[in-house]
Structures are given as structure tokens and as C-alpha cells.
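Take a look at the structure below.
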Amino acid sequence: MDEKIIESKKTLEKRSLELDKVSSKIALLRLAVFLAAMIILYLGFKGHNLGLIILAVLLIAGFVLLVRYHGSIDEEVLDLKTKSGVINRYIQRRSGEWKSFKEDGSEFLSAEDHLSRDLDLLGKGSLFQFISIAHTPGGKKRLADTISLKEYRFDDIADRYESINELASRADFLIDFESLSERILEKKEKDEKRISLFESDDENNELPQELAGADKKSTKKQGDSFPGWMYLAMLFVPAFNIITIILVLMGKFGAGKVLIAYIAGLILTWGPIAIHNAIIAPLREYGSGAGDYYKILKLIADNSFDSKLLNSIHDRTVSKDGLLEAIKSLGTINACDNIAFNPLVHMVLSGFFGWDYFISFAVYRWTKKNGDVFEECIDIVSGIEELGSLAVLSLVRDTVKPEIIQENALDIKSVYHPLLNMNTVVSNDADIRDRLTIITGSNMSGKTTYMRTIAINMVLAYVGAGVCAKNFNVPRMRLFTSMRIMDDVSGGISTFYAEILRIKEMAEYAKHSNEEGSVPALCLIDEIFKGTNSADRIVGATEALKKLSSGNAIVMVTTHDFELCELTTSDGTPAANYHFEEYYENGELKFDYTLKQGRCTTRNAMALLEMAGLV
């Protein structure tokens with residue numbers, strides 16, 4: 001796949017460069033045609049020369065065709081660039097350069113979401129940043145909610161895995177889908193900048209806030225009607241200009257009257273700009289992406305799927321009455337509106353034909369007929385974005401299907417962390433059957449990464465994705481972590497007390513996890529009670545771990561306190577002990593990051609201090 005995808009990227013980039021050159025030439029040609037048309041039109045009216053006026057009209061028609069042709073070239077260039085960017089991100093995921101990706105899900109990471117912070121599910125360097133192909137707000141939120149386990153959906157795992165695995169086998173579909181999805185975002189940003197420059201900052205012009213989602217409900221309410229006087233103005237402006245031009249050609253008026261009629265039409269058209277903006281709010285909100293939304297829906301409709309969830313999405317796309325046509329028609333209206341984003345063209349169309357009235361009327365009719373059709377469209381697209389993002393993992397990592405077992409134990413072979421570089425990552429086994437497991441080891445030897453590796457792959461298993469292992473058998477469990485503990489100065493909560501509160505939450509859940517509808521807990525605690533002195537830490541950890549392991553939970557804890565290796569659970573069962581260790585080669589401190597049986601017997605703190613020049 002790597003060679004094919006790299007070759008495809010080179011082909012796209014070559015074609016993009018060719019089109020950029022053509023686009024520059026067309027831009028110069030259309031400017032020349034427009035200027036020639038204006039000069040000839042002026043001479044025609046001044047000399048009452050019908051031949052020159054007809055020639056000017058033909059040049060204007062040619063200019064419009066060039067604008068459309070230039071737009072189609074720009075569309076193809078954008079398509080090639082986004083597709084090349086999508087392919088490049090797959091290459092970067094494999095090479096380990098993915099941490100520069102723009103979307104990392106930070107906006108969905110709350111201070112209370114300990115699981116996402118501890119396991120790097122959201123935020124910089126997170127699972128979200130690694131796998132996300134979501135570019136719509138709905139798709140990004142859905143993916144963030146899924147991987148942060150806002151809701152445990154154990155009953156859906158099989159159906160979700162079937163759909164995610166099917167998407168993983170269709171790399172071309174995913175690349176085409178993401179390319180179209182990303183185009184929507186790029187066009188939206190481009191149009192917002194263009195509109196903010198094009199339109200005034202007038203008190204009555206609320207368009208930029210509407211685009212930002214400030215008050216969509218009130219905007220929609222204003223745009224629900226098309227005033228009767230606007231019908232009259234829509235007909236009057238072009239009729240007035242046509243009659244004036246005819247009278248000028250007949251010699252009844254001087255050529256200057258055409259300019260007067262034009263200015264009058266411009267005033268009548270641009271005067272009620274705030275009302276225009278209210279009516280066309282749906283166009284500003286969705287119009288720039290309507291063409292791409294249509295292409296996405298068409299892509300889904302033109303493919304057949306075997307899995308249950310994808311089939312359901314496909315059926316919604318093709319069976320919803322008028323969905324495809326409604327989105328397509330909005331794209332057509334937007335294409336007409338885009339012509340007016342050229343200031344000169346907009347002035348001509350507005351002054352002579354009352355262009356904005358016709359756009360407003362078209363949007364009004366579309367909104368009245370199609371209502372909330374875009375909500376359905378966006379839901380379909382965000383559904384594919386979420387499933388497709390989870391499928392990305394199997395395209396860039398070696399994954400297997402996780403098995404959900406009934407036994408309250410972890411039976412995992414050769415599991416590795418999906419976010420670590422494949423050239424250096426080390427896999428380990430996890431055969432955890434005891435209620436309490438103590439993991440000791442030197443600093444930087446891999447203790448915390450080992451627990452994160454197990455947990456992040458369990459998250460993937462529970463959301464229906466493939467997991468990074470050779471075998472992955474786990475029960476249904478509720479995940480709890482205590483790793484990156486932060487104090488709260490304003491709230492008067494120290495790091496030590498913050499950890500106590502988190503472990504208390506684990507204990508309360510474990511105590512009641514035997515109740516109907518509950519599942520066992522997996523509690524992962526890193527360097528337990530590191531925020532206090534060693535004497536209190538050992539006493540406190542002993543009591544806390546006995547409390548936790550007395551409930552329906554599997555508890556794994558890392559520590560530098562070897563005294564905790566002697567712990568037993570409340571029923572007298574000794575804690576299982578594992579460790580990581582360092583070794584020295586040519587006087588250098590090194591790690592093999594491999595889990596070993598028993599407790600650790602080595603230390604490396606002094607060696608690390610010496611390496612840092614502090615000893």
C-alpha cells in the first residue's frame with residue numbers, strides 16, 4: 001500500500017502544478033475580456049451603435065463562461081490538493097510525523113475527563129489527533145465522544161467492528177470521502193474571509209456572527225419570509241434597465257440615462273442588505289459546502305456495503321425523499337451566488353438585474369421546501385467520519401479483532417501502543433488474573449506506558465476498532481485511571497488530595513459494581529500517592545489498595561516502594577508482581593521495555609542524576 005499511495009501522491013501533485021499554470025492564464029484572459037466588454041459597451045451606447053453593444057454583450061457572456069471555467073479549474077486544483085494532503089497524512093502517520101496535524105480534539109477535553117488526559121485520547125499527541133479524518137463539527141464531536149468513552153456501548157461492539165473493518169478494507173473510499181469532507185472546511189473558511197472583506201461592518205450586517213453560529217435560530221426566523229415588495233423590486237430593476245437601454249438605442253434618451261438607471265438599480269438592490277443577509281443565511285451557512293456534501297452523499301449512495309451500520313447509513317442516503325436533489329440544488333444556488341463575489345461582476349449584476357433579489361428568492365424557496373434537510377445530511381456525514389477515523393488505525397498499524405470474554409481477566413498477547421513509533425515500539429503480554437497487580441521498575445523503564453498500552457487498546461476494543469496486538473481477550477469493564485494528577489490552587493486541592501479523590505471514585509464504583517447492569521472496574525494507578533512522604537505513602541497506599549481490591553475490580557499499580565510488593569488483598573491473596581528493568585551497555589544506561597515476572601531488584605536514580613550532571 002505504501003508504494004501505491006506515494007506514487008498516487010506524486011501524480012496528484014504533478015497535475016496540480018499543471019492546473020495552477022492554466023488557472024493563472026485564464027485569470028488574466030478573463031480580466032482582459034471584461035475590460036474590453038466595458039469599453040466597447042460604453043462606445044456602443046455613446047455612438048448608438050447596436051453592433052458594438054451586441055459585441056459587448058457577447059464579450060460579457062464570454063467573460064461569464066471564463067469565470068465559470070476558471071472556477072471549475074480552481075475546484076479541480078482544490079480537489080487535487082486536498083486529496084494529496086489526505087494521502088500525505090497517511091504517510092505521516094506511518095512515519096511518526098502526525099503530531100503536527102491541526103485537529104487534535106483539544107476543544108472537547110475537559111478538566112474532569114481524567115481518562116482522556118491520562119491515556120492521551122484527546123489533545124496534543126492524542127489518539128484523536130492520530131486517527132481523525134473528521135472535518136465537520138458534528139463528526140469531530142462524535143469521534144471525541146466515542147473515544148473518550150462518554151458512553152459505554154458494549155452491545156454495539158460487534159456491529160461497529162464489522163463496519164469499521166469494512167471501511168479499513170476500502171482505503172480509496174476513505175481517501176475520497178475525507179478529501180471531500182476537508183474541502184467543505186476549507187471552502188467555509190475561505191468564504192468567511194471573503195465575505196468579511198466583501199461586506200461592510202455595518203451595524204445592520206450581522207453575517208459574520210451568523211456564520212460563526214451566533215444566533216442561527218433568529219436568523220432562520222427572519223429568513224422564513226420573502227416580503228411582497230421584494231417581488232416587485234426583483235421585477236422592477238431589470239425591467240427599468242431594459243426599458244432605459246431600449247429608449248437610449250431609439251434615441252429618446254442620452255447615453256447618460258443608462259448610468260442613472262444602473263445607479264438606481266444598485267441603490268434599490270443594495271439598500272435592504274440586512275434583509276438579504278437574513279434570507280440567505282442558510283446559503284452562507286451551508287452553501288459553500290453544498291456541492292461537496294452532494295458529492296459525499298453521492299459517493300455513499302454509489303457504493304454498496306455489507307455491514308449493518310454502513311448499510312443503514314447508505315439506506316438513509318438513498319431513501320430520504322429528495323435529500324440528494326435538495327443538496328444539489330443548494331449547490332447550484334451557491335454557484336450562482338459565487339459569481340457575485342467578484343466585486344465588479346456583482347456591481348454589474350446588481351445594478352442592471354437586481355441579482356441579490358433573485359438569489360434571496362431562490363434561497364427562500366429552497367428553505368421553505370427543504371426545511372431541515374441539512375441536519376440529516378450532516379448526521380450522515382459525521383457518522384461516516386467517526387467510523388472512518390477508527391478504521392484509519394487498521395490502515396497504518398497491524399491490528400486484530402478484539403474478543404470480549406466473560407471471564408474477569410485480561411488475556412493479551414504482544415500488545416503495543418498505537419501512538420508510538422513502529423520502528424521502536426516494544427510489545428508485551430498481559431496475563432492479568434489477580435485482583436491486585438504491583439508493577440515496579442526503574443525510572444523511565446516503561447511501567448506507565450505499559451498500563452497506558454493496555455488501557456488505550458481496551459478503549460479501541462470497546463468502540464469497535466481493531467486493536468494493536470496479536471491476541472486481545474478482555475471482559476467488559478469500566479476504565480478508571482490515576483496517572484496525570486493536577487492540583488487545583490484556586491480550589492485548595494493539592495496533588496495528593498486530588499489523587500485521593502480519584503481513588504475514592506474508583507473504590508465507590510468497585511464497591512457497587514456487582515449490582516445488576518454494572519461491569520467490573522479496571523483501576524490503573526501510576527506511582528500511587530507520590531505527592532506525599534514515603535511513610536504516609538506506604539500506609540495510605542496499603543489501605544487504599546486493599547479497599548479497591550475488595551470490590552469487583554482488577555487493580556494495577558506502579559510504585560517505587562518495594563514494601564508494597566508484599567501486599568495481600570482483603571481475602572489474603574498475595575498481589576501479583578511484575579517489573580521492568582534497565583541494563584548497561586558500554587557504560588550507557590539502556591532499557592528493553594519488556595515486562596518480567598516478579599519484583600524489581602535494580603535502581604537507576606543515581607545513574608540518571610549522573611547523566612544530567614547533577615552528581
Side-chain angles (χ1 to χ4, degrees), residues 109-123 126-127 145-154 402 404 408-410 412 415 417 430 432-439 447-463 467 474-488 493 495-515 517-531 540-559 564 567 569-570 575-576:
L109 183 58
S110 65
E112 297 77 26
D113 190 355
H114 308 309
L115 192 71
S116 292
R117 288 185 182 278
D118 288 348
L119 302 184
D120 297 310
L121 301 177
L122 301 172
S126 66
L127 179 66
D145 287 349
T146 295
I147 63 176
S148 58
L149 294 181
K150 290 288 187 294
E151 181 183 355
Y152 285 80
R153 296 178 292 180
F154 295 118
I404 306 301
N408 194 16
L410 310 182
I412 301 169
V415 66
H417 201 295
I432 310 296
R433 301 179 183 279
D434 298 276
R435 285 192 173 185
L436 179 60
T437 297
I438 307 294
I439 303 174
K447 304 185 301 296
T448 309
T449 300
Y450 175 71
M451 290 201 302
R452 286 195 178 116
T453 298
I454 293 171
I456 197 170
N457 277 284
M458 289 182 74
V459 169
L460 290 169
Y462 293 156
V463 300
V467 293
V474 294
R476 300 180 178 193
M477 304 190 85
R478 173 80 179 270
L479 303 183
F480 291 91
T481 58
S482 177
M483 296 179 180
R484 292 185 175 122
I485 306 297
M486 295 184 296
D487 59 5
D488 181 0
I493 297 176
T495 303
F496 177 53
Y497 189 60
E499 186 175 4
I500 289 174
L501 293 178
R502 204 176 295 187
I503 292 175
K504 178 186 176 185
E505 181 187 2
M506 298 179 189
E508 288 178 348
Y509 179 87
K511 180 180 178 181
H512 300 288
S513 59
N514 281 319
E515 296 174 3
S518 298
V519 296
L522 175 64
C523 304
L524 305 173
I525 305 171
D526 184 40
E527 302 291 353
I528 187 167
F529 294 150
K530 54 183 171 288
T542 299
E543 295 302 318
L545 293 176
K546 281 193 174 185
K547 177 81 171 176
L548 275 176
S549 59
S550 65
N552 190 16
I554 289 178
V555 183
M556 297 176 66
V557 59
T558 67
T559 183
L564 296 182
L567 274 179
T569 61
S570 55

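Note that the structure is a prediction, hence the values are computed from the model and not measured.
Between Met483 atom CE and Arg502 atom CZ the span is 9.5 Å, to the nearest 0.5 Å. Between Ser482 atom OG and Lys530 atom NZ the span is 6.5 Å, to the nearest 0.5 Å. For the atom pair CG of Leu115 and CG of Leu122, the computed distance is 9.5 Å after rounding to the nearest 0.5 Å. Of the inter-residue distances, the one linking Glu508 atom CD with Lys547 atom NZ reads 9.0 Å to the nearest 0.5 angstrom. Atom CG of residue Leu545 and atom OG1 of residue Thr437 lie 11.0 Å apart, to the nearest 0.5 angstrom. Atom CE of Met451 sits about 4.5 Å away from atom CG of Asp526, to the nearest 0.5 Å.
Counting all heavy atoms, side chain and backbone alike, Tyr152 lies closest to Met477 at CE2-O, 3.5 Å. Residue Leu524 comes nearest to Ala455 through the heavy atom pair CD1-CB, 3.4 Å, listed as atom of the first residue, atom of the second, then distance. Across every non-hydrogen atom of Ala510 and Leu548, the tightest pair is CB-O, 4.2 Å. Between Ile503 and Ala544, the shortest heavy-atom contact is CG2-CB, 4.3 Å.
Side-chain contact between Cys523 and Tyr509 is absent, with no heavy atoms from C-beta onward closer than 4.5 Å. Val474 places none of its side-chain heavy atoms less than 4.5 Å from the side chain of Leu522. At least one side-chain heavy atom of Asn552 sits under 4.5 Å from a side-chain heavy atom of Asn408. Inter-residue side-chain proximity for Val459 and Asn457 is flagged as unmet; no heavy-atom pair is nearer than 4.5 Å. Between Leu410 and Pro475 there is a side-chain heavy-atom pair separated by less than 4.5 Å. In this structure, the side chains of Met506 and Val555 stay at 4.5 Å or more apart for every pair of heavy atoms. Residues Ile456 and Asp120 fail the side-chain proximity criterion, which asks for heavy atoms closer than 4.5 Å. The closest side-chain heavy-atom distance from Glu499 to Ile525 is below 4.5 Å.
Checked against Leu564 for a side chain to side chain contact (heavy atoms under 4.5 Å, CB included), the options Ile528, Val557, Leu436 give a single hit: Ile528.
Side-chain atoms of Asp145 do not come within 3.5 Å of backbone N or O of Lys150 as any donor-acceptor pair. Listed for the Arg476 side chain is no donor-acceptor partner under 3.5 Å among the backbone atoms of Ile404. With hydrogens and angles disregarded, a donor-acceptor distance shorter than 3.5 Å links the side chain of Thr558 to the backbone of Glu527.
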### Query
Going through the distances and angles, do Thr481 and Arg452 end up as a side chain to side chain contact (heavy atoms under 4.5 Å, CB included)?
CA-CA 9 Å; Thr481 58; Arg452 286 195 178 116; over 6 Å; no
### Message
Ile500 vs Phe529, test: side chain to side chain contact (heavy atoms under 4.5 Å, CB included). Steps then yes/no.
### Response
CA-CA 8 Å; Ile500 289 174; Phe529 294 150; 3.9 Å; yes
### Task
Kindly indicate, with the supporting measurements, whether the criterion side chain to side chain contact (heavy atoms under 4.5 Å, CB included) is fulfilled by Leu121 and Leu149.
CA-CA 10 Å; Leu121 301 177; Leu149 294 181; 5.7 Å; no
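Using bins of under 30°, 30° to 60° and over 60° for the plane-to-plane angle, the ring pair Phe154/Tyr462 lands in the perpendicular bin.
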